[in-house]
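Given the structure is predicted, the values throughout are model-derived calculations rather than measurements. Just so you know, these numbers use all the heavy atoms, side chains as well, and skip hydrogens, waters and symmetry mates.
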Amino acid sequence: MMNKGLIHIYCGDGKGKTTASIGLTIRCVGRGGKVLFVQFLKERKTGEIAVLTTLPSVTVRRGKGTGKFTFQMNSLELAAAKKIQEETFDYICRICRENPPDLLIMDEIIGACTTGLVSEDKLIHFLTSKPIQTEVVLTGRNPSQKLIALADYVSEIKKIKHPFDKGVEARVGIEE
């Protein structure tokens with residue numbers, strides 16, 4: 001599809017980072033591309049994942065959610081969470097070596113890095129040595145300056161107002 005894949009970051013505290021990456025997934029598939037869509041730190045059933053798994057040119061892999069914030073975990077829980085997220089990242093590296101996709105989405109990889117569950121140095125190494133044709137999207141809050149410097153696109157989604165602030169839980173078909 002492309003001669004040189006670029007790197008995107010969708011970041012910020014607003015709703016829509018994953019949604020934006022799914023839009024790019026659909027665009028790529030609509031033009032005949034192959035997508036590897038990987039989620040870190042998430043395991044809730046969502047409508048978008050249900051649809052993506054029905055598309056033959058999209059491979060979906062989900063890491064397991066942590067169930068707690070990392071600062072709430074004991075050392076055993078933290079080690080188990082780190083192992084799961086690292087295995088998910090290792091899967092990406094293996095697939096990209098063996099059969100590189102046109103588009104790679106790493107949803108919430110930035111959060112996995114900021115919490116220490118995935119090594120940012122390993123992520124940077126991957127990004128600087130990725131298959132040249134693979135376009136890559138990273139999502140999450142608070143990307144480091146190193147990641148921002150490495151990216152070709154950085155889009156920030158800023159929350160102005162959100163129903164969660166008033167106690168409204170995630171709603172099926174909108175947030176999940």
Side-chain angles (χ1 to χ4, degrees), residues 7-25 36-53 58-96 104-127 130 136-151 154-176:
I7 299 169
H8 306 235
I9 293 177
Y10 301 153
C11 61
D13 63 356
K15 177 187 178 321
K17 297 176 288 293
T18 300
T19 305
S21 70
I22 290 167
L24 194 56
T25 297
L36 176 58
F37 191 97
V38 181
Q39 286 189 311
F40 292 82
L41 307 174
K42 291 181 174 180
E43 63 183 342
R44 288 170 82 169
K45 291 181 180 178
T46 62
E48 65 268 21
I49 295 301
V51 169
L52 290 181
T53 59
V58 178
T59 301
V60 175
R61 165 112 180 208
R62 301 184 82 200
K64 191 172 179 207
T66 58
K68 294 180 177 180
F69 293 110
T70 53
F71 63 82
Q72 297 171 317
M73 294 180 186
N74 64 37
S75 59
L76 289 175
E77 293 168 323
L78 197 56
K82 185 174 176 124
K83 182 177 188 289
I84 290 166
Q85 304 310 317
E86 286 177 339
E87 286 172 354
T88 302
F89 185 73
D90 291 344
Y91 166 82
I92 290 169
C93 296
R94 182 176 53 78
I95 293 298
C96 286
L104 167 62
I105 306 290
M106 289 191 273
D107 188 36
E108 282 303 332
I109 184 73
I110 295 170
C113 287
T114 3
T115 56
L117 298 177
V118 171
S119 162
E120 184 175 275
D121 289 339
K122 283 184 180 178
L123 174 59
I124 289 170
H125 178 265
F126 170 81
L127 293 171
K130 70 175 185 60
V136 177
V137 175
L138 317 173
T139 74
R141 295 177 180 217
N142 306 316
S144 71
Q145 287 304 311
K146 286 181 184 179
L147 288 175
I148 289 171
L150 194 56
V154 178
S155 298
E156 181 178 19
I157 299 173
K158 182 179 177 190
K159 179 183 85 162
I160 304 298
K161 189 175 181 181
H162 195 291
F164 184 76
D165 299 335
K166 292 192 252 179
V168 176
E169 295 293 318
R171 297 163 301 140
V172 173
I174 303 300
E175 289 90 13
E176 60 180 48

Are [X] and [Y] packed together at the side-chain level, in the sense that at least one heavy-atom pair is separated by less than 4.5 angstrom?
| X | Y | result |
| --- | --- | --- |
| L104 | C96 | yes |
| I124 | L147 | yes |
| N142 | I110 | no |
| L36 | Y91 | yes |
| E108 | Q39 | no |
| M106 | L123 | yes |
| Y10 | L24 | yes |

| request: Not counting sequence neighbours, which residues clear salt bridge (Lys or Arg N to Asp or Glu O under 4.0 Å) with K146? List them please. | output: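 K146 satisfies salt bridge (Lys or Arg N to Asp or Glu O under 4.0 Å) with no residue once adjacent residues are dropped.
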| said: Under the rule for salt bridge (Lys or Arg N to Asp or Glu O under 4.0 Å), what residues qualify as partners of R141, not counting sequence neighbours? | reply: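 Partners of R141 under the salt bridge (Lys or Arg N to Asp or Glu O under 4.0 Å) test: none.
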| query | Should the pair F126 and F89 be assigned to parallel (<30°), tilted (30 to 60°) or perpendicular (>60°) ring geometry? | reply |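 Ring orientation of F126 relative to F89: perpendicular.
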| query | Looking at OG1 of T139 and NE2 of H8, how far apart are the two atoms once the value is rounded to the nearest 0.5 Å? | reply |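 The distance works out to 13.0 Å.
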| request: To the nearest 0.5 angstrom, please state how far the CG atom of L52 sits from the CD1 atom of I105. | output: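 Going from the CG atom of L52 to the CD1 atom of I105 covers 9.5 Å.
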| Crowding at CZ, R61 (>12 non-hydrogen neighbours, <6.0 Å) |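 Counting other residues, nucleotides and ligands, CZ of R61 exceeds 12 neighbours.
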Contact summary for [X] and [Y], nearest pair of heavy atoms:
| X | Y | result |
| --- | --- | --- |
| K130 | L127 | CG-O, 3.6 Å |
| L41 | A112 | CD1-N, 3.5 Å |
| I157 | K15 | CG2-O, 3.4 Å |
| I7 | L138 | CG2-CD1, 4.5 Å |

| said: With a 3.5 Å distance limit and no angle check, can you tell me whether K17 reaches the backbone of G12 through a side-chain donor-acceptor pair? | reply: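 Yes: the side chain of K17 pairs with the backbone of G12.
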| Pairs flagged by salt bridge (Lys or Arg N to Asp or Glu O under 4.0 Å) wherever residues 79-92 is involved - sequence neighbours left out |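 For residues 79-92, and leaving out neighbouring residues, the salt bridge (Lys or Arg N to Asp or Glu O under 4.0 Å) pairs sorted by first residue read K82-E86, K83-E87.
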Using distance only, find each side-chain donor-acceptor pair of residues 164-172 under 3.5 Å and give its atom names and separation, not counting sequence neighbours.
{"from": "D165", "atom 1": "OD1", "to": "K159", "atom 2": "NZ", "distance (Å)": "3.0"}
{"from": "D165", "atom 1": "OD2", "to": "K159", "atom 2": "NZ", "distance (Å)": "3.0"}
{"from": "R171", "atom 1": "NE", "to": "E175", "atom 2": "OE1", "distance (Å)": "3.3"}
{"from": "R171", "atom 1": "NH2", "to": "E175", "atom 2": "OE2", "distance (Å)": "3.2"}

| How would you list, by chain and number, every residue that makes a side-chain contact (heavy atoms from CB on, under 4.5 Å) with K45, sequence neighbours excluded? |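 Checked K45 against side-chain contact (heavy atoms from CB on, under 4.5 Å); zero matches.
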| task | Decide yes or no on side chain to side chain contact (heavy atoms under 4.5 Å, CB included) for V137 and D107, but give the supporting numbers first. | result | CA-CA 8 Å; V137 175; D107 188 36; over 6 Å; no
| task | Just grab all the side chain to side chain donor-acceptor pair (under 3.5 Å) pairs involving residues 111-125, residues at least two apart or on different chains. | result |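 Matches after skipping sequence neighbours: E120-S144.
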| message | For a side chain to side chain contact (heavy atoms under 4.5 Å, CB included) check, start with the C-alpha distance between T18 and K42, then their side-chain angles and the critical distance, and finish with the verdict. | response | CA-CA 11 Å; T18 300; K42 291 181 174 180; 2.6 Å; yes
| said: For a side chain to side chain contact (heavy atoms under 4.5 Å, CB included) check, start with the C-alpha distance between F37 and S21, then their side-chain angles and the critical distance, and finish with the verdict. | reply: CA-CA 9 Å; F37 191 97; S21 70; 3.7 Å; yes
